[in-house]
Amino acid sequence: MIFPLPTCQRACWLGQIAAVGGVLLMLGGCAGEQSALDPAGRGAEQIAALFWWMLGGAVVIWCIVVGLAIYAIRIAPGPHDDRQMRLWVIGGGAVIPTLVLTVLLIYGLSMLPGLVRAAPEGSLQVDVVGLQWWWQVRYPASESVKLANEIRIPVGEPVQFNLTSADVIHSFWIPALGGKVDMVPGRETRLTLEPTRTGRFRGVCAEYCGASHALMAFDVVVMERAAFDEWLAAQQEPAKEPQGPLEVRGREVFLRRGCGACHAVRGTRADGVIGPDLTHVGGRASLGAGTLENSPDAFRKWIAHTSRTKPAVRMPDFDMIPEADMRALAAYLESLQ
Ligand code: CUA
């Protein structure tokens, strides 16, 4: 016998249907440069497969539980048999969850060695240091290259990331390429990633590390081997000489204002090591670790209102620099391609 649902119960069911619809809609949007469900690397492929298996299993279990609830409440309501009730509680509440979780645990753990294995001898090595709130990137085979917040790697090859931190615990994560690994001060951790297609992806810090934790992204560009070699060779070159009078004045402002105490621009006397190396800063996709698009206006905003753009950042605001000098400085930095 089927009883009509009271209004509140109907609303509850409608809510559940809306929630399921919402989840499906959200899953439809799970693509793009920062999605673990749109894998572009071997590790991410495995993790995505694990996710879909878990989601499939969860949906099956959810349907069974809801089906049983409907059966018990609406189709055959009535007193319960004691023995049967105990069977359901022990079977459904202990035995089945233990079995399901054990299978999932074994499946998940079996992936681990592959995800954190060392890359084969001779693979590209990339050293990344996490700092509040940016990333220093170095290629040990090309000693002069020091990047900030941008990593480029070749497609179809395992790349070994050697990770450490200069201050607090950060976590290095490029969702589209693979899993995340903590960066711990005083220790070196390792992650091997193998991108399977070219493209631009977004990496993030996955461990709360202070006020600007959310403003600590980085760009990952996966390139064909030949294009990567060409790019790396260009990165080893010192900074370009300024071309026009505005850029010449910008470099003069840069050096006179003491920017070189914290930042290096190879080929000038600026050799600071506290902040990001700016030798090729104009060629990067973003400023302030993914905080601003790279443009002359963004440089001006960043330099004059640093602390407003990125709370608790170590670089002071240089809002005292006159407008004409600031324009020249921005043009100079933008020209450092
Ligand atoms: Cu670094 Cu969160």
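Read the numbers this way: they start at 1 and go in the same order the structure lists the ligands and their atoms. Source: prediction; values computed, not measured. These values consider heavy atoms only, across backbone and side chains, with no hydrogens, waters or symmetry-generated copies.
Taking a cutoff of 4.0 Å between a charged side-chain nitrogen and a carboxylate oxygen, Asp297 and Lys301 do not qualify as a salt bridge. A salt bridge does not link Glu188 to Arg190: none of the charged nitrogens lies less than 4.0 Å from a carboxylate oxygen.
Within the protein, the number of N/O/S atoms found under 2.8 Å from atom 1 (Cu) of ligand 1 is 4.
Side chains of Asn162 and Gln160: a donor-acceptor N/O pair is present below 3.5 angstrom, by distance only.
Judged by distance alone, with hydrogens and angles left aside, the side-chain atoms of Glu237 form no donor-acceptor pair with the main-chain N or O of Ala234 at under 3.5 Å. Not a single donor-acceptor pair under 3.5 Å links the side chain of His170 to the backbone N or O of Cys205.
In this pair, Phe218 and Phe172 present their aromatic rings parallel. The plane angle is below 30°, not in the 30 to 60° band.
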